[in-house]
Amino acid sequence: MKQPFKIDVPQSVLDDLRNRLAATRWAGAMNDAGWDTGTNKLYLQELCRYWQNDFDWKKQESYLNTFQQFTTTIDGSEIHFIHERGKGQVSTPLLLIHGFPDSFLRFVKLIPLLTQADANGNSFDVVVPSIPGYGFSRPAMANGMNPQKIAGLFASLMSNELGYKNFFVHGGDWGSTIAEQLALHHTNSLLALHLTDIPFTRILTIPGGELSQAEKKYLEAGKQWQQTEGGYALLQSTKPQTLGYALNDSPAGLAAWIIEKFYTWSDIKGDLENAYTKDELLANLTLYWATQTITSAMRLYYETMKTAIPATPNSPYSFQKIPVPAAAAIFPKDMIPAPREFAERFFNIQRWTEMPEGGHFAAWEQPALLANDIRAFARSLAPN
């Protein structure tokens, strides 16, 4: 049974955070390296000074607590989620699933855009869970907590806990992978599937048959990306615990690991703060820090890789085409935007939108564009 939840990080945790930031030992860096060798030292120092001296977590906490939040226990796992009901005459249930290294905060700009009624009186009942091992969601076990398991927990949340017989699902990053597993294993519960990226496991399992030139280019770009940008995923997929000790102990180290991904994967137009404010970046960082979930968050990579490769006809990552109606909103500065013909090998694509701007964290960067695309997709599927 769900219980109301309010975020309340103890002041002692925040005081300890500031003390650790003040005591940071800064690694040396090449003066002209910029972001080429990793997180830029000058920017990281600026951000950490702000985190230590000016950032107001309690203000962020107060805002986040304006959303209706709950926890519930499903199969032994404690799941934290936002549940905001739509204001329209007709409101469709919509599950929003985040990824790494973000959190449920990915969707705080998107939620009010979807819960408000449109000109026809339609809106969404929005449910935003924290993935088990992220933020305030505590998994019952570490072993086996992979996307298929998480999809089962979220299906139970929507159907058994909240009473929605059918629902839409949207996801990005891990959210797209978990949404795919919902469509594979809980097909009868889904009205439709909306993604901002094609699950990354698909680029690791080359499909059979003749490939188009766009697909060949995409797969080659994927190989190049793995060599130049994919080291973090390889480490998190093999030795997450080793890295976790460092990131759980050093807030500056945690910031360096996470902020570099926001810089690289977003449509920053030359400056990270063109896409995010310091407060937005630090709210996400503080959530990881206060809940001490960076290690459990990274472990999802490890658990997934144990079952993701190789794909076989009976594995959760098989090549069967999913019949659930699907849409993709492709943002140009995402990691490796897939071509439509590749996505159509796995999904029943009914809508394909190539956005004019935005990156991997689309709900944060371009919430209006994303909200409009979700609404347009839902309208296209509504009976006449």
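Atoms considered below: every heavy atom in the structure, side chains included; atoms not considered: hydrogens, waters and symmetry mates.
More than 12 non-hydrogen atoms from other residues, nucleotides or ligands lie less than 6.0 angstrom from CG of Asn53. For NZ of Lys59, the number of neighbouring non-hydrogen atoms (other residues, nucleotides, ligands) closer than 6.0 Å is 12 at most. When the shell of 6.0 Å around NZ of Lys333 is examined, it contains 12 or fewer heavy atoms from other residues, nucleotides or ligands.
When all heavy atoms are compared, the tightest approach of Ala151 to Ile178 is CB-O, 3.8 Å. What you find for Ala192 and Val324 is that their closest heavy atoms are CA-CG1, 3.7 Å. Contact between His98 and Ile131 at its shortest, heavy atoms only, is NE2-N, 3.0 Å. Pairing each heavy atom of Phe154 with each of Pro132, the nearest pair is CZ-CD, 4.0 Å. Here the shortest heavy-atom pairing between Thr196 and Gly172 reads OG1-CA, 3.3 Å. Of all heavy-atom pairs spanning Asn248 and Gln292, the tightest one is ND2-OE1, 3.1 Å.
Residues Ile258 and Asn284 meet the side-chain proximity criterion, which asks for heavy atoms closer than 4.5 Å. Side-chain contact between Glu180 and Leu193: absent, with no pair of heavy atoms (C-beta onward) separated by less than 4.5 Å. Here the side chains of Leu300 and Pro147 are in contact, with some heavy-atom distance below 4.5 Å. Put simply, the side chain of Asn160 does not reach to within 4.5 Å of the side chain of Ile74, judged on heavy atoms. In this structure, Ser266 and Phe361 have side chains that are in contact, with non-hydrogen atoms separated by less than 4.5 Å. Here the side chains of Leu282 and Trp57 are not in contact, with every heavy-atom distance at 4.5 Å or above. Considering only heavy atoms from C-beta on, Leu153 comes within 4.5 Å of Met145 through its side chain. In this structure, Ser189 and Tyr164 have side chains that are not in contact, with every pair of non-hydrogen atoms separated by 4.5 Å or more.
A donor-acceptor pair under 3.5 Å is formed between the side chain of His170 and the backbone N or O of His194. Arg375 places a side-chain N or O within donor-acceptor distance of the main-chain N or O of Leu113, the cut-off being under 3.5 Å. Side chain of Ser137 to backbone of Gly133: no donor-acceptor contact under 3.5 angstrom is found. No donor-acceptor pair under 3.5 Å is formed between the side chain of Asp125 and the backbone N or O of Arg85. Between the side chain of Asn40 and the backbone N or O of Gly34, at least one donor-acceptor pair lies under 3.5 Å. Asn166 contributes a side-chain N or O that, together with a main-chain N or O of Asn188, makes up a donor-acceptor pair within less than 3.5 Å. Proximity of a side-chain donor or acceptor of Arg18 to a complementary backbone N or O of Gln52 within less than 3.5 Å is detected. Put simply, the side chain of Ser103 gets close to the backbone of Leu105: a donor and an acceptor are under 3.5 Å apart. A donor-acceptor pair is defined here as one N or O able to donate and one able to accept, closer than 3.5 Å; such a pair exists between the side chain of Arg20 and the backbone of Asp249. Listed for the Asn348 side chain is no donor-acceptor partner under 3.5 Å among the backbone atoms of Ile322.
None of Val169, Val128, Val126 except one satisfies the side chain to side chain contact (heavy atoms under 4.5 Å, CB included) rule with Leu95; the exception is Val169. Just one residue in the list Phe107, Phe104, Phe262 forms a ring pair (Phe, Tyr, Trp, His ring centres under 6.0 Å) with Trp364, and that residue is Phe262.
Look at Glu61 and Lys58 and you find a salt bridge, because one of the NZ, NE, NH1 or NH2 atoms lies within 4.0 Å of a carboxylate O, short of that distance. Ion pairing between a basic and an acidic side chain is recognised when a charged N comes within 4.0 Å of a carboxylate O; Lys269 and Glu357 show such pairing. Ion pair Glu220/Lys217 not flagged as a salt bridge, since none of the NZ, NE, NH1 or NH2 atoms sits closer than 4.0 Å to an Asp/Glu carboxylate oxygen. Looking at Lys278 and Glu46, a side-chain N of the basic residue comes within less than 4.0 Å of a carboxylate O on the acidic one, giving a salt bridge. Salt-bridge check for Lys149 with Glu303: failed, with every basic side-chain N at 4.0 Å or more from each acidic carboxylate O.
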Inset, instruction - Quick one: do Trp257 and Gln236 satisfy side-chain contact (heavy atoms from CB on, under 4.5 Å)? Show the steps, please. - result: CA-CA 12 Å; Trp257 191 255; Gln236 293 180 179; 2.9 Å; yes
Inset, instruction - Please assess Leu190 against His186 for the test side-chain contact (heavy atoms from CB on, under 4.5 Å), listing each intermediate value before the final yes or no. - result: CA-CA 7 Å; Leu190 287 195; His186 304 274; 5.6 Å; no
Inset, instruction - Given side-chain contact (heavy atoms from CB on, under 4.5 Å), test Lys41 with Leu44 step by step and report yes or no. - result: CA-CA 5 Å; Lys41 181 178 179 178; Leu44 182 62; 5.7 Å; no
Inset, instruction - Please report the C-alpha distance between Glu229 and Glu260 in whole Å, then the side-chain angles of each, then the deciding distance to 0.1 Å, and finally whether the side-chain contact (heavy atoms from CB on, under 4.5 Å) criterion is met. - result: CA-CA 11 Å; Glu229 298 290 342; Glu260 189 268 329; 4.1 Å; yes
Legend entry - Evaluation steps, ring-ring contact (aromatic ring centres under 6.0 Å, His included), between Trp174 and Tyr134: CA-CA 12 Å; Trp174 280 120; Tyr134 288 68; 8.3 Å; no
Legend entry - side chain to side chain donor-acceptor pair (under 3.5 Å) between Ser212 and Glu341, worked out: CA-CA 8 Å; Ser212 71; Glu341 54 263 45; 2.9 Å; yes
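Ser123 and Ser91 share a side-chain donor-acceptor pair at under 3.5 Å. A donor-acceptor pair shorter than 3.5 Å can be found between the side chains of Asp373 and Thr353. No donor-acceptor contact under 3.5 angstrom links the side chains of Trp35 and Thr264, judged on distance only. At a cut-off of 3.5 Å, with distance as the only test, no side-chain donor of His360 or Asp102 sits close to an acceptor on the other residue.
How far CG of Asn274 is from CD of Glu365: 11.0 Å, rounded to the nearest 0.5 Å. Atom CD of Gln60 is separated from atom CD1 of Ile7 by 10.0 Å, given to the nearest 0.5 angstrom. Between the CZ atom in Phe168 and the CD1 atom in Ile374 there is a gap of 10.0 Å [rounded to 0.5 Å]. Between Leu370 atom CG and Leu114 atom CG the span is 7.5 Å, to the nearest 0.5 Å. Distance check: Gln45 CD to Trp51 CH2 gives 14.5 Å after rounding to the nearest 0.5 Å. If you take CD on Gln148 and CD on Gln181, they are separated by 5.5 Å, rounding to the nearest 0.5 Å.
Clustering ILVMFWY residues whenever any of their side-chain heavy atoms sit less than 4.5 angstrom apart, transitively, puts Phe81 in the very cluster that holds Tyr63. In this structure, Tyr288 is not a member of the same hydrophobic cluster as Tyr302, with clusters built from ILVMFWY side-chain heavy atoms closer than 4.5 Å. Placement of Leu234 and Met335 in two distinct hydrophobic clusters is found when ILVMFWY residues are connected by side-chain heavy-atom separations under 4.5 Å, directly or transitively. Residues Phe377 and Trp352 are members of one and the same hydrophobic cluster, defined by side-chain heavy-atom contacts under 4.5 angstrom among Ile, Leu, Val, Met, Phe, Trp and Tyr.
Between Phe342 and Phe346, the two ring planes are perpendicular [angle over 60°; tilted spans 30° to 60°].
The aromatic ring centroids of Trp265 and Tyr232 lie less than 6.0 Å from each other. Aromatic rings of Tyr263 and Tyr43 (six-membered ring for Trp) have centroids beyond the 6.0 Å cut-off, not under it.
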